Amino acid sequence: MDPTNLPTRTTPHWDMYRRDMFMLAAEQKHPLFSTDPEELEELAKKTLSQGGWLYASCNAGNSLTHRANREDTILIPLAFYRQRIVPRMLVDTNARDTTTELFGHKISAPICFAPVGINKIYHPLGELNAAKVAGELGLPYCLSTAASQSIEDVAAANGQNAMRFFQLYSPPDEELMESILRRAIDNGFTACIWTVDTWQLGWRHGDVANSNYAFYKGIGAELGWSDPVFQKRMQERGLSKEKNPVETGQLWIDQVWHGKAFSWDDLPRVMKKWKDMSGGKPFLVKGIQSAEDAKKAVELGVDGIVCSNHAGRQVDGAVGSLDVLPDIVDAVGDKTTVLFDSGIRGGADVFKALALGAKAVLVGRLWIYGMGIAGEAGVRHVMRSLLADFDILFVPFPLTNTYWFWNN
Ligand SMILES: Cc1cc2nc3c(=O)[nH]c(=O)nc-3n(C[C@H](O)[C@H](O)[C@H](O)COP(=O)(O)O)c2cc1C
Ligand SMILES: O=C(O)C(=O)c1ccccc1
């Protein structure tokens with residue numbers, strides 16, 4: 001195929017990445033690394049530090065939930081493997097356009113960067129790599145409370161007009177919570193995503209066996225170290241970041257991620273705080289896997305839910321996230337914005353989640369591995385590959401309602 005002869009479109013140009021790949025072939029060069037997710041994983045395993053690889057790849061227990069997110073078995077086809085697309089031909093797809101709106105913001109595709117903590121274990125610049133690429137591609141970026149770069153630096157890397165969310169692990173210390181929310185709001189974070197499935201970490205054998213908890217060694221406390229209220233808390237204990245990086249790192253993690261489970265009664269309080277402080281910006285809960293919980297969250301007034309099982313890292317033996325999406329969409333899809341994550345590895349997966357009713361998806365491990373392999377360029381490569389892959393399958397969505405699907 002003549003790479004200069006691809007159809008031209010106005011926005012966005014995801015298929016340009018296909019052209020870039022063709023051009024490499026013409027120049028006898030190769031892409032940065034394979035775009036096949038399985039090979040990506042293999043390469044990440046070889047390239048990342050042992051701790052980085054373990055932390056990104058470990059799942060709860062026997063990985064049953066992680067596998068349920070994607071895997072087929074002969075007897076019980078599950079999740080992404082069960083859902084199949086029925087391709088239809090000779091539909092005019094030349095005018096396809098992946099842009100969509102999320103909470104009033106135009107984004108260039110229904111794909112967001114999932115919140116991921118302690119990115120410095122993958123690359124010295126950590127979160128800045130992903131925030132920058134997200135801004136550049138016009139995709140929402142979500143910053144984790146357990147980040148290893150500050151709110152301010154991430155916002156600057158993400159860019160002025162970029163859409164960014166703040167993922168909250170809520171500290172019981174109200175003054176501290178207000179302070180981090182204030183900084184997020186002042187730095188242009190337009191929605192709060194409260195994660196409710198990780199009051200404590202899942203039991204991940206690889207991490208347990210290797211004592212692989214970087215946040216307990218002083219990585220992942222950047223939001224605290226750069227926070228005036230947390231700085232006060234350090235001083236009260238006679239600690240400083242410079243002299244006591246490990247203790248203050250532990251103090252931060254113990255504060256924000258205290259192992260104390262909140263309940264539904266806490267939701268209105270946390271949401272009200274964000275709403276009052278931000279002038280009513282969207283508040284979402286992340287980690288919902290049942291229609292009943294989705295209904296409860298909607299009754300309490302959330303603006304959105306993230307149907308997610310944390311990539312299978314929390315409850316071993318839980319249902320596949322895609323398998324529960326239809327029930328959740330059925331229960332609340334007309335009342336709230338339903339986002340989806342856990343197990344997205346390619347364009348067809350994004351397509352399936354959207355076809356089952358998600359408004360957009362979040363992606364985690366794909367770009368983590370890309371970052372671990374090749375920093376900012378690795379994130380860009382993985383995400384442009386995902387977009388190019390999605391673009392091929394994408395047809396304007398009114399059409400998809402009529403013909404996209406086969407399952408069971
Ligand atoms: C290494 C790693 C760290 C994560 N850290 C966070 C976090 O700090 N906060 C959060 O809400 N979710 C966190 N998650 C979950 C992701 O936001 C997301 O739900 C999940 O990765 C999506 O599945 P995928 O990786 O298969 O795309 C983390 C996931 C991974 C793999
Ligand atoms: O590991 C995780 O899944 C996660 O959510 C997390 C929480 C705290 C620090 C780093 C990551």
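Indexing begins at 1, ligand by ligand and atom by atom, following the structure's order. The chain is numbered in sequence order, starting from 1. Note that the structure is a prediction, hence the values are computed from the model and not measured.
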Check your understanding: Just distances here: any N/O of R313 and N/O of ligand 2 closer than 3.5 Å?
Key -> yes
Study note, to complete from the structure: Correct closest heavy-atom pair for Y141 and A130 would be CE1-CB, 3.8 Å
Point to revise | Residue pair T47, F33: steps toward the side-chain contact (heavy atoms from CB on, under 4.5 Å) verdict | key: CA-CA 12 Å; T47 317; F33 48 80; over 6 Å; no
Revision key, fill the gap. The salt bridge (charged side-chain N to carboxylate O under 4.0 Å, His left out) partner of R183 among E222, E178, E152 is E152
Review point. Among all protein non-hydrogen atoms, which one is nearest to atom 3 (O) of ligand 2, and what is the separation to 0.1 Å?
Key: H310 NE2, 2.7 Å
Check your understanding: So which heavy atom in the protein is nearest atom 6 (C) of ligand 2, and how far is it from that ligand atom?
Key -> Y55 OH, 3.8 Å
Check your understanding: Given W367, which of N129, V379, V133 fulfils the side chain to side chain contact (heavy atoms under 4.5 Å, CB included) condition?
Key -> V379
Point to revise | Element-labelled atoms of ligand 2 that are located less than 4.0 Å from some non-hydrogen atom of A146 | key: 8 (C), 9 (C), 10 (C)
**Study point:** Under 3.5 Å: donor-acceptor pair, side chain of N69, backbone of S321
**Key:** yes
Review point. Are R204 and ligand 2 in contact, using a heavy-atom cut-off of under 4.0 Å?
Key: yes
Check your understanding: Taking only heavy atoms of Y169, which atoms of ligand 2 are found under 4.0 Å from at least one of them?
Key -> 4 (C), 5 (O), 7 (C)
Check your understanding: Testing H381, K132, H123 for side chain to side chain donor-acceptor pair (under 3.5 Å) with E376, which one passes?
Key -> K132
Exercise for review: Below 4.0 angstrom from a heavy atom of W257, which ligand 2 atoms are there? Numbered from 1 as shown, please.
Suggested key: 7 (C), 8 (C)
Review point. Charged N to carboxylate O below 4.0 Å: is that the case for R237 and E247?
Key: no
Point to revise | Residue from L300, V306, L267 passing side chain to side chain contact (heavy atoms under 4.5 Å, CB included) with V285 | key: L267
Put together the list of close N/O pairs, under 3.5 Å, between ligand 1 and the protein, could you?
unit_1: ligand 1; atom_1: 5 (N); unit_2: G117; atom_2: N; d: 3.2
unit_1: ligand 1; atom_1: 8 (O); unit_2: G117; atom_2: N; d: 3.3
unit_1: ligand 1; atom_1: 8 (O); unit_2: S144; atom_2: OG; d: 2.7
unit_1: ligand 1; atom_1: 9 (N); unit_2: Q167; atom_2: OE1; d: 3.1
unit_1: ligand 1; atom_1: 9 (N); unit_2: Y169; atom_2: OH; d: 3.2
unit_1: ligand 1; atom_1: 11 (O); unit_2: T195; atom_2: OG1; d: 2.7
unit_1: ligand 1; atom_1: 11 (O); unit_2: K286; atom_2: NZ; d: 3.1
unit_1: ligand 1; atom_1: 12 (N); unit_2: P115; atom_2: O; d: 3.3
unit_1: ligand 1; atom_1: 12 (N); unit_2: K286; atom_2: NZ; d: 3.0
unit_1: ligand 1; atom_1: 14 (N); unit_2: P115; atom_2: O; d: 3.3
unit_1: ligand 1; atom_1: 14 (N); unit_2: H310; atom_2: NE2; d: 3.3
unit_1: ligand 1; atom_1: 17 (O); unit_2: P115; atom_2: O; d: 2.7
unit_1: ligand 1; atom_1: 17 (O); unit_2: K286; atom_2: NZ; d: 3.0
unit_1: ligand 1; atom_1: 19 (O); unit_2: K286; atom_2: NZ; d: 3.0
unit_1: ligand 1; atom_1: 19 (O); unit_2: S308; atom_2: OG; d: 3.4
unit_1: ligand 1; atom_1: 19 (O); unit_2: D341; atom_2: OD1; d: 3.2
unit_1: ligand 1; atom_1: 19 (O); unit_2: D341; atom_2: OD2; d: 2.8
unit_1: ligand 1; atom_1: 25 (O); unit_2: R365; atom_2: N; d: 2.8
unit_1: ligand 1; atom_1: 26 (O); unit_2: G343; atom_2: N; d: 2.9
unit_1: ligand 1; atom_1: 26 (O); unit_2: R345; atom_2: NH1; d: 2.9
unit_1: ligand 1; atom_1: 26 (O); unit_2: R345; atom_2: NH2; d: 3.3
unit_1: ligand 1; atom_1: 27 (O); unit_2: G364; atom_2: N; d: 2.9

Check your understanding: Centres of the F166 and W274 rings: under 6.0 Å?
Key -> no
